[in-house]
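See structure below.
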Amino acid sequence: MHEQMTFYLNQIVEQNPLINCLTNKVTTNFQANALLAIGASPIMTDEPDASPLVSAQSQAIVINIGSPFNQDKMEAIELSIKAAIDKQIPVIIDPVGVAALSNRLAYIEHLLSEYEIAAVCGNYSEIAALAGAKSNGKGVDGGHPEGEMTDHLLKVANLYQTVVVATGKTDYIANQTAVYAHQYGDALLGYVTGTGCVATTIVAAFISQAPTPADYLTAATLATGFYAWCGGRAVQLTTGPGDLPIHLLNQLYEHSVKANNKKTSDKELTNLTITQERMSSND
Ligand SMILES: Nc1ncnc2c1ncn2[C@@H]1O[C@H](COP(=O)(O)OP(=O)(O)OP(=O)(O)O)[C@@H](O)[C@H]1O
Ligand SMILES: Cc1ncsc1CCO
């Protein structure tokens with residue numbers, strides 16, 4: 001696990017992957033800074049003319065339908081997805097707001113059905129909504145959906161043949177056959193907007209360095225583990241939500257770019273382990 005984590009973190013720092021984020025106006029700056037902190041290269045485009053061109057040159061693209069979500073954005077999204085898939089560039093979707101708004105749910109279901117999506121990353125309510133469960137979400141918040149989260153993840157993974165990430169108290173990561181889980185985060189992360197959107201961009205950076213699509217599950221599992229682990233450590237250094245993003249960005253940087261520059265093994269990271277939660281929907 002530690003070797004794989006080091007592989008992905010070093011790859012990101014050394015390859016400096018371009019990650020095009022078609023994202024929302026609330027969290028765009030936080031996402032860009034988090035990508036820079038781990039050694040990736042962010043670009044935020046959501047114009048129908050520019051975005052597909054940038055997507056075709058990127059190493060991964062992020063589709064986040066948080067506000068604005070309008071005709072221009074939808075056009076940019078579909079053209080970008082087509083441009084990326086044409087070049088086998090992974091597409092990662094953050095289904096913001098699908099638990100609260102039926103038109104967004106229908107749109108994300110359309111994207112997942114129509115295109116080969118590398119991963120879909122949302123909070124509990126968003127993933128439950130995609131699984132057709134009663135999600136109890138409010139606005140863009142996570143909430144406590146009915147049913148078992150692992151069932152919801154496996155259902156979405158099987159419906160759309162994709163990797164699924166659900167963030168919350170426990171982060172779950174699944175494909176059609178297995179679910180992984182860890183609890184490295186901290187509830188304080190829920191008091192800062194965009195910590196889930198940032199999680200998705202970190203997943204995109206890791207997936208951009210996956211040797212093959214068969215490695216997307218591992219990449220997403222390592223990404224969420226690394227991110228939540230940095231989040232948990234950041235919380236220990238904060239006095240509240242105000243300075244949490246500062247410490248989170250510092251931790252992301254400390255254990256990626258800075259560790260890579262030192263060329264010595266990051267001993268603190270060796271404590272990070274992630275276990276398999278269950279095998280398939282029949283278990
Ligand atoms: N109760 C909790 N305990 C521990 N960690 C948590 C908790 N809630 C969220 N997290 C962590 O916070 C991060 C963001 O997850 P969350 O589910 O809050 O995202 P989100 O609702 O999509 O956020 P946003 O929409 O603001 O971007 C994840 O890394 C997750 O592990
Ligand atoms: C608060 C908010 N509203 C639309 S997008 C967004 C960022 C968190 O999802």
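Nothing here was measured: the structure is a model prediction, and the numbers come from that model. Nothing fancy with the numbering, it's 1 onward along the sequence. Atoms within a ligand are numbered from 1 in the order they appear, just like the ligands themselves. Worth knowing before you read on, the calculation uses all heavy atoms, side chains too, and leaves out hydrogens, waters and symmetry mates.
- Paired with Thr200 under the rule side-chain hydrogen bond (donor to acceptor under 3.5 Å, both in side chains), one option of Asn64, Thr23, Thr27, Asp94 passes, and it is Asp94.
- Here the straight-line distance linking atom CD of Gln176 with atom CG of Leu159 works out to 10.5 Å at 0.5 Å rounding.
- Using a 4.0 Å cut-off to heavy atoms of Tyr227, the atoms of ligand 1 that qualify are 29 (O).
- The contact set between ligand 2 and Thr27, taken as ligand atoms under 4.0 Å from a residue heavy atom, comprises 7 (C).
- Among Asp171, Thr200, Leu248, Leu189, the residue whose heavy atom sits closest to atom 31 (O) of ligand 1 is Asp171.
- Among protein heavy atoms, the minimum distance from atom 21 (O) of ligand 1 is reached at Asn123 ND2, 3.0 Å.
- With hydrogens left out, the protein atom closest to atom 8 (C) of ligand 2 is Thr193 OG1, 3.6 Å, a heavy atom.
- Nearest to atom 5 (N) of ligand 1 by heavy-atom distance, out of Asp186, Leu188, Val165, is Asp186.
- Here atom 6 (C) of ligand 1 lies nearest to Gly168 when heavy atoms of Gly66, Gly190, Gly185, Gly168 are compared.
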For this session: Applying salt bridge (charged side-chain N to carboxylate O under 4.0 Å, His left out), run through Arg233 and Glu268 and close with a yes or a no.
Result: CA-CA 11 Å; Arg233 290 172 65 87; Glu268 287 167 316; 3.1 Å; yes
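- Other residues, nucleotides and ligands contribute at most 12 non-hydrogen atoms within 6.0 Å of the OH atom of Tyr191.
- For atom 2 (C) of ligand 2, the closest non-hydrogen atom on the protein side is Val26 CG2, 3.8 Å.
- Atom CZ of residue Phe206 and atom OG1 of residue Thr224 lie 9.0 Å apart, to the nearest 0.5 angstrom.
- Residues Tyr8 and Phe226 keep their aromatic ring centres 6.0 Å or farther apart.
- Remark: ligand 2 atoms within the under-4.0 Å shell around heavy atoms of Cys197 are 9 (O).
- Between Tyr172 and Tyr124, the ring planes are tilted. Angles from 30° to 60° get that label.
- The parts of Ala187 lying near ligand 1 are both backbone and side chain, judged by heavy-atom distances below 4.0 Å.
- Protein heavy atom at the shortest distance from atom 16 (P) of ligand 1 is Thr167 OG1, 3.5 Å.
- More than 12 heavy atoms of other residues, nucleotides or ligands shown are found within 6.0 angstrom of CD on Glu14.
- Contact annotation for Tyr124 and ligand 1: no heavy atom of the residue comes within less than 4.0 Å of the ligand.
- The ring pair (Phe, Tyr, Trp, His ring centres under 6.0 Å) contacts involving residues 22-65 comprise nothing, where partners must be two or more places apart or lie in separate chains.
- Here the shortest heavy-atom distance to atom 18 (O) of ligand 1, taken over Thr170, Thr195, Asn24, belongs to Thr195.
- Interface atoms of ligand 1 facing Cys197, defined by a heavy-atom separation under 4.0 Å, are 27 (O).
- Nearest protein neighbour of atom 25 (O) of ligand 1, counting heavy atoms only, is Val140 O, 4.0 Å.
- Among Cys121, Gly194, Gly196, the residue whose heavy atom lies closest to atom 26 (O) of ligand 1 is Gly194.
- Remark: Ser55 engages Asn20, Ser80 in a side-chain hydrogen bond (donor to acceptor under 3.5 Å, both in side chains) (not counting sequence neighbours).
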